Asker: 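Just dropping this structure here.
Only heavy atoms go into these numbers, but all of them, side chains included; no hydrogens, no water, no symmetry mates. It should be emphasised that the depicted structure is a prediction, and the values quoted were computed from it without experimental measurement.
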2 protein chains.
Amino acid sequence: MLEKVNHIAIAVPDLSKAILNYKNTFNCKISKPLKLLDHGVTTAFISLQNTNIELLEPLGKNSPIRRFLERNNNGGIHHICYEVKDINLSIKNLIKNNCKILGDGIPREGAHGKPVIFIHPSNFNGTLIELEQT
Amino acid sequence: MLEKVNHIAIAVPDLSKAILNYKNTFNCKISKPLKLLDHGVTTAFISLQNTNIELLEPLGKNSPIRRFLERNNNGGIHHICYEVKDINLSIKNLIKNNCKILGDGIPREGAHGKPVIFIHPSNFNGTLIELEQT
């Protein structure tokens, strides 16, 4: 069962510019950029009343969002992260429904220190889905 | 100021299939499909605890999502709808920051009967943004 949208991630080519744009136009509250070397991204979160927008800039040559930005030069919505209560139960249901989990299929520690998996976008109408156990 | 994410819209080529997929895999609560002739889409909402996912299927030849689905055959995340308190104030800020509002720039009645506008995706890193006055 999907509980909440934890965040919507938007890949951007220039994080500082994107932050300024959201601040100036929408007066958004945005966290200080954080370099996540292990994840190959620098992130900043826009806090909304019910969820967050995660702005992602590639960090390092092997950043997982570099290819996405080569195809979408100006950026784009990269994935939706849903919270689930039991990620192992979710994995069982995904396998039962022939969904492809990215990587080795084993949950790894996400940006919030909680177990996460990513589901191949072909399984859900071109939408890359991250599941995070709450 | 952006208040909440009202919904995230995902364009899909086959709404019935998409509904079944989300129900079977994630046990989601989903509203009955609703044909919105004026908007050129059939919609169904996935209710989550903090926001909604709007699944959109094209309706009619002039559906505004038809071109998107020609480029993304399997579907994709189409737009994010944010709630704002004062849409006319938002429009003033958008114009001040050189953002392009789609259509004639005047709010029209959205799917929830409230005034909405759409902002050109080039202004926010390839993200089509809908603003809805609450």
Asker: For the pair A/E57 (side chain) and A/L15 (backbone), establish whether a donor and an acceptor sit closer than 3.5 Å, ignoring hydrogens and angles.
Answerer: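 Answer holds: yes.
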Asker: Measure B/L94 against the heavy atoms of chain A and call it side chain, backbone, both or neither at under 4.5 Å.
Answerer: both
Asker: Is a donor on one side and an acceptor on the other found under 3.5 Å between the side chain of A/E130 and the backbone of A/C81?
Answerer: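 No, the answer is negative, given that no donor and acceptor are paired below the 3.5 Å cut-off.
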Asker: So for A/I119, is it side chain, backbone, both, or neither that comes closer than 4.5 Å to the heavy atoms of chain B?
Answerer: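 Just the side chain, heavy atoms under 4.5 Å.
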Asker: Which word best sums up how the rings of A/F45 and A/H7 line up, parallel for under 30°, tilted for 30 to 60°, or perpendicular for over 60°?
Answerer: perpendicular
Asker: Could you tell me whether a side-chain N or O of A/R66 sits under 3.5 Å from a main-chain N or O of A/G40, the two making a donor and an acceptor?
Answerer: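 Such a contact is absent between A/R66 side chain and A/G40 backbone.
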Asker: Let's test your reading of the structure: which of B/T127, B/I46, B/L55, B/L128 forms the most heavy-atom pairs below 4.5 Å with chain A?
Answerer: B/T127
Asker: Under 4.5 Å, counting heavy-atom pairs only, tell me which of A/N93, A/N24, A/I77 racks up the most with chain B.
Answerer: A/I77
Asker: Shared ILVMFWY cluster between B/I101 and A/Y22, side chains joined below 4.5 angstrom?
Answerer: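 Same cluster: B/I101 reaches A/Y22 through Ile, Leu, Val, Met, Phe, Trp or Tyr contacts under 4.5 Å.
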Asker: Measure centre to centre between the rings of B/H79 and B/F124, then say whether the value is under 6.0 Å.
Answerer: no
Asker: At a heavy-atom distance under 4.5 Å, which candidate from A/N74, A/N21, A/V84, A/D14 has the highest pair count against chain B?
Answerer: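 Between A/N74, A/N21, A/V84, A/D14, the count favours A/N74.
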Asker: With a 4.5 angstrom heavy-atom cut-off, which part of A/N123 approaches chain B: side chain, backbone, both or neither?
Answerer: backbone
Asker: Among the options A/V12, A/L2, A/N50, pick out the one with the most heavy-atom pairs lying under 4.5 Å from chain B.
Answerer: A/N50
Asker: Same cluster for A/V5 and B/I30 if Ile/Leu/Val/Met/Phe/Trp/Tyr side chains link at under 4.5 Å?
Answerer: yes
Asker: Select one option (side chain, backbone, both, neither) describing which atoms of A/I95 are under 4.5 Å from chain B's heavy atoms.
Answerer: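 For A/I95, there is no contact with chain B at all, as no heavy atom is under 4.5 Å.
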Asker: Of the listed residues (A/T51, A/N73, A/L131, A/L48), which shares the most heavy-atom pairs with chain B below a 4.5 Å separation?
Answerer: A/L48
Asker: So what's closer than 4.5 Å to chain A heavy atoms on B/L69: side chain, backbone, both or neither?
Answerer: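 Contact with chain A involves no heavy atom of B/L69 at all.
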